[in-house]
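By convention here, the first residue in the shown sequence is residue 1.
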Amino acid sequence: LPVPKAWREKLRKLIGNKNVRGKPIMAYRPITLNTAWNCAPRSPDWKAYAALYQHIRDRFFVVSVADLKVGKEWIVGAEQSVDLKFNHGELDFEMLAALFAEADLAFCNAGFSPILAQAVGTPSITVYGGHESSKTTNSAGAHLAPSLFIEPDKPCDCHAWGHACEKLKQITLPPAL
């Protein structure tokens, strides 16, 4: 996906006055649920997600993106420390595309974020929960950018809304780290 120079410049102006401290940029997508897509079994185990994120967090200037709205979209688990938050829908598509294109890494869970990272050629780490795995979703775009997929110990590709998948979400951390 080509990202126009004007989009990138607009993002640089937005982030430019922040203290990046010479660190590479990480686009971070917290685990969220919302009223339109309230499928908790699809989300990764939030404690494992947090541990994986914390393992690399200090190496990056982290920019979090979400569209949180009380009663409509919320973060699952503990909110993580980041350097800059755009968690209330502040970024339109052009700015999201620019952020992911300018980022050195995207850290995300299954959904739109890994697709956007791959589309703009940004390396990504995608952590899965139940209902799907990399082989049935994001592996199709893995040739576009380096993609690390961290899946539960027993991935489930049921894609079934009604299947709980909860017991299948465990991620053994040492190999994942």
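Under a hydrophobic-cluster definition in which Ile, Leu, Val, Met, Phe, Trp and Tyr are linked whenever side-chain heavy atoms come within less than 4.5 Å, directly or via other members, L91 and L1 are assigned to the same cluster. Criterion: ILVMFWY side-chain heavy atoms under 4.5 Å apart, direct or through other members. Under it, L14 and I25 are part of a common hydrophobic cluster. Grouping the Ile, Leu, Val, Met, Phe, Trp and Tyr side chains by contacts below 4.5 angstrom, directly or via other members, places M26 apart from F86.
Contact check for F107 versus T126: no side-chain heavy atoms found under the 4.5 Å cut-off. Put simply, the side chain of L68 reaches to within 4.5 Å of the side chain of T32, judged on heavy atoms. K5 is not listed as a side-chain neighbour of K10, based on a closest heavy-atom distance of 4.5 Å or more. Counting heavy atoms from C-beta on, the side chains of T35 and W74 come closer than 4.5 Å. Between V120 and L144, every side-chain heavy-atom pair lies at or beyond the 4.5 Å cut-off. Residues F149 and S124 form no side-chain contact, since every pair of their non-hydrogen atoms from C-beta on lies 4.5 Å or further apart. Contact of the L52 side chain with the L177 side chain is registered, since non-hydrogen atoms from C-beta on lie closer than 4.5 Å.
When all heavy atoms of I15 and L99 are compared, the pair lying nearest together is CD1-CD1, 4.3 Å. In terms of heavy-atom proximity, S43 sits nearest to L33 at OG-CD2, 3.7 Å. Closest of all the heavy-atom pairs between L11 and M95 is CA-CE, 3.5 Å. Summarising the geometry of A145 relative to A117, their closest heavy-atom pair is CB-O, 4.3 Å, with the distance given to 0.1 Å. A pairwise comparison of heavy atoms in A103 and A27 identifies CB-N, 3.9 Å as the closest pair. Of all non-hydrogen atoms in N87 and S64, the two that sit nearest each other are OD1-OG, 2.8 Å.
Side-chain atoms of K69 do not come within 3.5 Å of backbone N or O of G89 as any donor-acceptor pair. Remark: side-chain polar atoms of D45 are not paired, donor with acceptor, to backbone N or O of Q170 under 3.5 angstrom. For the pair S133 (side chain) and P155 (backbone), a donor-acceptor distance under 3.5 Å is absent. With hydrogens and angles ignored, the 3.5 Å screen pairs a side-chain donor or acceptor of E90 with a backbone N or O of H88.
Between E151 and K135 there is no salt bridge, since no side-chain N of the basic residue sits under 4.0 Å from a carboxylate O of the acidic one.
In this pair, F112 and F93 present their aromatic rings tilted. The plane angle is within the 30 to 60° band.
Side-chain contact of S147 with Q118: a donor-acceptor pair under 3.5 Å is present, judged by distance alone. Defined by atom type and a distance below 3.5 Å, a donor-acceptor pair is present between the side-chain atoms of T172 and D153.
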Stepwise side-chain contact (heavy atoms from CB on, under 4.5 Å) test for V127 and Y53: CA-CA 10 Å; V127 184; Y53 168 73; over 6 Å; no

Derivation and outcome, side-chain hydrogen bond (donor to acceptor under 3.5 Å, both in side chains), residues Y49 and N109: CA-CA 8 Å; Y49 194 76; N109 49 96; 3.3 Å; yes

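Applying the salt bridge (Lys or Arg N to Asp or Glu O under 4.0 Å) definition to pairs two or more places apart or across chains, those involving residues 99-120 are R8-E102, R12-E102.
Checking each of V65, L84, V82 against Y28 for a side chain to side chain contact (heavy atoms under 4.5 Å, CB included) leaves exactly one that passes, namely V82.
In the displayed structure, K23 atom NZ is contacted under 6.0 Å by more than 12 heavy atoms of other residues, nucleotides or ligands.
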